[in-house]
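Down below is the structure, laid out as structure tokens.
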Amino acid sequence: MDLESVRQFILSDEKIKEYFLSLAGKENSGQSAHGTIQNPSLENGSEDSTKAAELENAALRKKLKAAQEQAAALEGECVRLRETLSQTELQKNAAVKQLKAFEPIYSAIKIYNSLSETAKAATKNIFRTASPDGFISCGAQKDSLANLWDYGRTLAAYGSEDCLKIDQLFGYFVSLYNLTFEQPVYTLIEPQIGDRFDEDLHVSLIHGKRISGVSDVLLRGYCINGKTVSKALVK
């Protein structure tokens, strides 16, 4: 019997057919099971990768937590520094405000120190001490005001620019003297450049020439209780 006859015989008999089909199913099942058993390294590799990923995630979470804690600490430090800066700014503003109260005194002493040595020596009878307290005490007296203005007139007559500094000092000490009274005792005569020349208020230092207007102010004049004592020296 040839192979084709055998095949036809098997296919014609149901029991023999089922038997061979069952054998084929077992073989496929065995091959499948055998395939699973033959690849354990794939399963182990997958498990190892999962564990590595979990460890890496845990490490990243730990770093993230540390970074968040550091950020919170830095934010707290920033808040503290901002508060300190705010307090420092308030203290600085208070100090600046206090300094402004002393600025006129400082400016007056600075002007005095800028005088020539000859001018300083000539005012020794007015400013008997170089200390700030003594400087103010000596300058803000009625006799000192008269002597200071007279010396300024002398400087102006000789063409010394120190007369302008004496004028500034005179104005400062007049303001201090007036503070001791309810109403100002001294009033300054303060001509402006371009004003019309007024013989009742101005004295011209341009000798031999009549002027019609003020081109320069060398020393302001002053009145006491409304009465003109010394006229302003102008050109």
Side-chain angles (χ1 to χ4, degrees), residues 96-235:
V96 169
K97 187 176 181 180
Q98 291 177 342
L99 286 174
K100 283 185 178 179
F102 293 95
E103 188 174 346
I105 300 172
Y106 172 77
S107 296
I109 294 176
K110 187 176 180 180
I111 291 169
Y112 174 76
N113 288 330
S114 69
L115 290 170
S116 65
E117 293 302 322
T118 302
K120 282 184 184 178
T123 58
K124 289 293 185 182
N125 63 323
I126 301 174
F127 304 108
R128 296 180 179 86
T129 174
S131 69
D133 291 342
F135 178 76
I136 294 170
S137 177
C138 292
Q141 296 183 28
K142 189 173 183 178
D143 290 341
S144 295
L145 290 173
N147 292 334
L148 189 62
W149 194 92
D150 288 341
Y151 181 56
R153 178 178 57 187
T154 300
L155 291 173
Y158 281 98
S160 172
E161 292 186 356
D162 276 341
C163 70
L164 300 176
K165 297 177 181 179
I166 294 298
D167 176 73
Q168 289 178 286
L169 291 175
F170 180 76
Y172 171 67
F173 285 115
V174 162
S175 66
L176 289 186
Y177 184 84
N178 282 336
L179 288 176
T180 60
F181 300 91
E182 291 184 2
Q183 297 295 328
V185 174
Y186 280 74
T187 304
L188 294 176
I189 299 174
E190 303 183 88
Q192 303 297 314
I193 294 176
D195 285 355
R196 183 181 180 82
F197 181 80
D198 187 342
E199 292 183 351
D200 294 331
L201 301 175
H202 311 146
V203 173
S204 174
L205 292 185
I206 301 179
H207 301 291
K209 183 180 179 181
R210 184 180 179 84
I211 63 173
S212 59
V214 175
S215 61
D216 197 7
V217 180
L218 302 178
L219 185 65
R220 289 171 290 180
Y222 66 95
C223 304
I224 296 180
N225 293 321
K227 182 181 179 180
T228 299
V229 177
S230 297
K231 299 176 184 179
L233 305 183
V234 301
K235 286 185 178 181

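Atoms considered below: every heavy atom in the structure, side chains included; atoms not considered: hydrogens, waters and symmetry mates. Just so it is clear, the structure is predicted and the values come from calculations on it, not from any experiment.
- You'll find the side chain of Leu115 reaches within 4.5 Å of the side chain of Ile166, heavy atoms only.
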- [ ] Apply side chain to side chain contact (heavy atoms under 4.5 Å, CB included) to the pair Ile126 and Gln141, showing each step before the final yes or no.
- [x] CA-CA 9 Å; Ile126 301 174; Gln141 296 183 28; over 6 Å; no
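- The CG atom of Leu145 sits 11.0 Å away from the OG atom of Ser230 when rounded to the nearest 0.5 Å.
- Taking the six-membered ring for Trp and thresholds of 30 and 60 degrees, Tyr186 and Tyr177 have ring planes more than 60 degrees apart, a perpendicular arrangement.
- Nearest heavy-atom pair across Ser144 and Cys138 is OG-O, 2.6 Å.
- Here the closest heavy-atom approach between residue Ala101 and residue Pro104 is recorded as O-CD, 3.7 Å.
- Lys110 has no carboxylate O lying under 4.0 Å from a charged side-chain N of Glu103, or vice versa, which leaves the two without a salt bridge.
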TODO: For Phe135 and Phe173, run ring-ring contact (aromatic ring centres under 6.0 Å, His included): C-alpha distance rounded to whole Å, both residues' side-chain angles, the deciding distance at 0.1 Å, then the answer.
DONE: CA-CA 10 Å; Phe135 178 76; Phe173 285 115; 5.3 Å; yes
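- Sequence neighbours left out, the pairs with a member in residues 184-196 that pass salt bridge (Lys or Arg N to Asp or Glu O under 4.0 Å) are Glu190-Arg220.
- Using a 4.5 Å cut-off on side-chain heavy atoms (C-beta onward), Val174 and Leu188 make contact.
- In this structure, Tyr222 and Trp149 have perpendicular ring planes: the angle between them is above 60°, well past the 30° mark.
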Open item on the list: Working note: Ser114 + Lys165, criterion side chain to side chain contact (heavy atoms under 4.5 Å, CB included); need CA distance, chi angles, decisive distance, verdict.
Closed with: CA-CA 8 Å; Ser114 69; Lys165 297 177 181 179; 3.4 Å; yes
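- Within the model, atoms SG of Cys163 and CG of Leu219 stand 7.0 Å from one another, a figure rounded to the nearest 0.5 Å.
- In plain terms, the two heavy atoms of Gly226 and Cys223 that are nearest each other are C-CB, 4.1 Å.
- Between Val214 and His202 the shortest side-chain heavy-atom distance falls below 4.5 Å.
- With a 4.5 Å cut-off on side-chain heavy atoms, Leu176 and Ile136 count as touching.
- Side-chain atoms of Val203 and Val234, non-hydrogen and from C-beta on, never get closer than 4.5 Å to each other.
- In terms of heavy-atom proximity, Glu199 sits nearest to Phe197 at CG-CE2, 3.6 Å.
- Asp162 and Ala119 make their closest contact through OD2-CB, 3.5 Å (heavy atoms, listed as atom of the first residue, atom of the second, distance).
- Minimum interatomic distance between Leu205 and Lys235 (heavy atoms only, all atoms of both residues): CB-CG, 4.5 Å.
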